[in-house]
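Chain identifiers are assigned alphabetically (A, B, ...) following the order of the sequence lines, protein sequences preceding nucleic acid strands; residue numbering begins at 1 within each chain.
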Amino acid sequence: MPELPEVETIRRGLQELIVGKIIKTVSSDTAATSSDMVKSFPNTPADVEQFIKKAKITDVRRRAKVLLIDLSTNYSLVIHLKMTGQLVFVGSGNRFGAGHPNDSLIGLLPDKSTRVVFDFTDDSHLYFNDQRKFGWVRLIPTAEVPDIDFMKKVGPEPLEADFTASGFAERFKRRSRTSIKAALLDQTVIAGVGNIYADESLWGAKIHPSTVVGDLSYSKFKLLYSEVRFVMNLSIDKGGSTNRNYVNAEGKKGSYMDFARVFRREGLPCPRCGTEIIKIRVAGRGTHICPNCQRGSR
DNA sequence: CACTTGACCTGTCCGC
DNA sequence: TGCGGACAGGTCAAGT
């Protein structure tokens with residue numbers, strides 16, 4: 001589901017909503033089977049008892065598309081939402097005031113997609129929902145988080161101030177014979193780009209997604225670098241993209257799709273030249289392009 | 001090693 | 001209205 005802007009939007013929400021709260025229990029009282037639960041959240045009851053129960057939330061961080069919820073026990077909840085994962089906070093009673101979208105969720109969660117429930121001591125709750133069950137939650141000592149495979153392999157954060165265009169171009173040398181779209185989606189090259197922002201940034205840089213990485217000029221890499229940062233910053237500003245399932249920590253949708261130039265806009269005119277946007281398949285993924293603007297030139 | 005493909009799941013949409 | 005197949009915001013483990 002979420003790419004960097006969506007995970008960052010959730011992180012900012014959770015930062016405001018749950019830091020300082022104390023976890024009372026971790027559970028599920030839903031239709032999820034026990035094997036589903038084990039897959040989503042494999043830590044043992046003893047781990048939960050020792051390192052989660054009574055723990056205070058000290059911080060909420062993000063690395064690539066992974067959320068890190070730090071606990072006062074020096075353990076962290078490491079969470080990947082994959083395609084359809086959600087982390088939704090619901091206050092106790094009328095916490096947000098009548099009519100607030102979050103309060104409309106009271107009584108609606110947990111539902112059949114709820115995999116893990118965190119109950120706080122003030123009777124508020126955090127729900128991990130995941131329709132397709134690809135996502136996961138792991139409890140890991142905070143100091144060991146950088147040692148897990150994903151963290152060791154993942155590439156640099158594209159929005160960091162010290163991340164430069166030349167650094168960006170450099171990262172692609174390891175994937176010089178594949179398509180630029182496959183390379184952009186490769187989390188070991190650059191962190192956080194997924195299918196939406198790959199298509200959006202390639203349109204912005206006027207690069208055909210099938211273009212072989214090694215055929216791209218440095219000036220094209222500079223353009224692509226700028227476009228990746230532009231679309232991700234814009235999306236964070238708009239609260240992310242809700243294509244289907246995505247909601248933020250308060251259960252609200254993001255509005256980037258209202259600003260998308262090509263993603264899921266097949267049949268509509270290219271906002272730059274008016275040519276009809278088409279949908280093709282690149283790197284095994286549905287891919288949206290303007291066939292006029294993105295001709296695969298260097 | 002670099003690269004591609006299929007698998008993991010459930011739900012929805014589209015054509016017959 | 002039903003049914004089969006394709007497809008969906010992501011990563012892995014296999015294969016070549």
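Nearest to the side-chain atoms of A:Arg175 among the listed nucleotides C:dG10, B:dC3, C:dC7 stands B:dC3. The side chain of A:Arg132 approaches B:dT10 more closely than any other nucleotide in the set B:dT10, B:dT4, C:dT11. Comparing atom distances between the A:Arg281 side chain and each of B:dT4, C:dC7, B:dT10 picks out C:dC7 as nearest. Comparing C:dG10, B:dC3, C:dA8 by their closest approach to the side chain of A:His80 singles out C:dG10.
Projected onto DNA chain C by closest heavy-atom contact, A:Arg285 and A:Lys153 fall at different nucleotides, the more 5' of which corresponds to A:Arg285. Residues A:Gln131 and A:Phe150 each lie close to DNA chain C; by heavy-atom proximity, the contact nearer the 5' end of the strand is made by A:Gln131.
Taking atom P in both C:dT11 and B:dT12, one finds a spacing of 24 Å when rounded to whole Å. Rounded to whole Å, the C1' atom of B:dG11 lies 23 Å from the corresponding atom of C:dC12.
In summary, the side chains of A:Thr58 and A:Asp70 do not present any donor paired with an acceptor at a separation below 3.5 Å, with no hydrogens or angles considered. Side chains of A:Ser241 and A:Asn243: a donor-acceptor N/O pair is absent below 3.5 angstrom, by distance only. A:Glu3 and A:Tyr246 share no donor-acceptor pair across their side chains, judged by distance under 3.5 Å alone.
Stacking annotation: A:Phe134 is not stacked on the base of B:dC9 (requires ring centroids less than 5.5 angstrom apart and an interplanar angle below 30 degrees).
Remark: P of B:dC3 and CG of A:Leu184 are 14 Å apart, rounded to the nearest angstrom. At whole-Å resolution of the value, CE in A:Met151 and C1' in C:dC12 are 16 Å apart. For the pair A:Lys39 NZ and C:dG10 P, the computed distance is 17 Å after rounding to whole Å.
Nucleic acid contact class of A:Gly284 (heavy atoms, under 4.0 Å, all strands): none. Residue A:Asn195 is classed as a sugar-phosphate contact, given heavy-atom separations below 4.0 Å to backbone atoms only. Among the protein residues, A:Lys279 comes within range of the sugar-phosphate backbone only, with heavy atoms under 4.0 Å from sugar or phosphate atoms but none that close to a base.
Atom NZ of A:Lys56 has 12 or fewer neighbouring heavy atoms from other residues, nucleotides or ligands inside a 6.0 Å radius.
Of all heavy-atom pairs spanning A:Ser235 and A:Glu6, the tightest one is OG-OE2, 3.8 Å.
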